[in-house]
Amino acid sequence: MVVVDEHAFEPGAMLTALCAGGSDSGGVVSFVGLCRGEPDGANVSTLILDAHPTYTVKAIADMEGEARRRWPLHDVVIRHRHGRVLPGEAIVFVGVAARHRRAAFEAADYLMDQLKTRAPFWKKEEGKARSVWLDPKPEEQERAMRWELQA
Amino acid sequence: MARVTLLGRLADAAGWRERTIDAGTIAGLRAALTTDVPGLALDADTVVVIVNDVVTRGNVAIEPDDEVGFMPPMSGG
């Protein structure tokens, strides 16, 4: 399941729902990405994520499909916000349920690497003094490449 | 007429995010956009074009009511 919208969400409730999904799963792995503030509170006040109205959710749904082809998974939940996000707020939730924990761990790791590099979002940091669009990070691309080597 | 969506910094540079533009091809759309916003960075090497949610390369024809998106390099999620 993939949800991309501007609404805040409660990661704990999503994890609870995922764990209650069925007795066939032996493990549930989850990740919550938060909006990170600056250590001294300077500059970054709002993170703005832009998303395409239809293509972004389609691209992320394709990532879920790829994860399901690679690993035997029971349930996948991806929730991603766009719009204005404040420091400390949850931006993304990825949860994976599988019969065995190894598949759940690897699939969740894979999905986060894909989201960080291939998800159609455009981030702008809006601070008191400046606003800047963020470029893709080379180190994230390098991390994502390792999955191609394992394919 | 195509429904055009600009993403990220392109929307900021243009001053708008969604607009209907009359053009018969992707190249025609690029020309119309750069005429409207001189210097708008729509290089084919860096800006991905999607037509009806499908990544599209080259100068393809655009049908009436097609939805075309111009996507600069993604920040990721």
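Scope of the values below: all heavy atoms of this structure, side chains included, with no hydrogens, waters or symmetry mates.
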Could A/Asp135 and B/Arg9 be called an ion pair, given the rule that one side-chain N must be under 4.0 Å from one carboxylate O?
yes

Between A/Leu115 and chain B, which part of the residue has a heavy atom less than 4.5 Å away: side chain, backbone, both or neither?
backbone

Would you say CZ of A/Arg68 has more than 12 non-hydrogen atoms from neighbouring residues, nucleotides or ligands within 6.0 angstrom?
yes

One should read off an interatomic distance between B/Leu7 CG and A/Asp50 CG, to the nearest 0.5 angstrom, of 5.0 Å

Shared ILVMFWY cluster between B/Met71 and A/Leu49, side chains joined below 4.5 angstrom?
no

Side chain, backbone, both or neither: which part of A/Ala59 has an atom under 4.5 Å from a heavy atom of chain B?
neither

What distance separates B/Asp12 CG from A/Ile48 CD1, expressed to the nearest 0.5 Å?
8.5 Å

Part of A/His52 lying under 4.5 Å from any heavy atom of chain B
both

Identify the two heavy atoms, one from B/Met74 and one from A/Trp122, that lie closest to each other, and give their separation to 0.1 Å.
CA-NE1, 3.7 Å

Let me know if A/Lys123 has heavy atoms under 4.5 Å from chain B in its side chain, its backbone, both or neither.
both

Cluster question for you: counting only ILVMFWY and a side-chain heavy-atom cut-off of under 4.5 Å, with indirect links fine, are B/Val37 and B/Ile26 together?
yes

Quick check: are there more than 12 heavy atoms from other residues, nucleotides or ligands sitting under 6.0 Å from CZ of A/Phe105?
no

Any chance CZ of B/Arg3 has more than 12 other-residue heavy atoms, nucleotides or ligands included, within less than 6.0 Å?
yes

Heavy-atom side-chain proximity of B/Glu67 to A/Pro53 below 4.5 angstrom
no

Part of A/Lys58 lying under 4.5 Å from any heavy atom of chain B
side chain

Going hydrophobic residue to hydrophobic residue with side-chain gaps under 4.5 angstrom, can you get from A/Val57 over to A/Val94?
yes

Roughly how far, to the nearest 0.5 Å, is OG1 of B/Thr5 from OH of A/Tyr55?
13.5 Å

Same cluster (ILVMFWY, side-chain, under 4.5 Å), B/Val48 and B/Val4:
no

Linking I/L/V/M/F/W/Y whenever their side-chain heavy atoms sit closer than 4.5 Å, directly or via other members, would A/Phe31 and A/Leu73 fall into one cluster?
yes

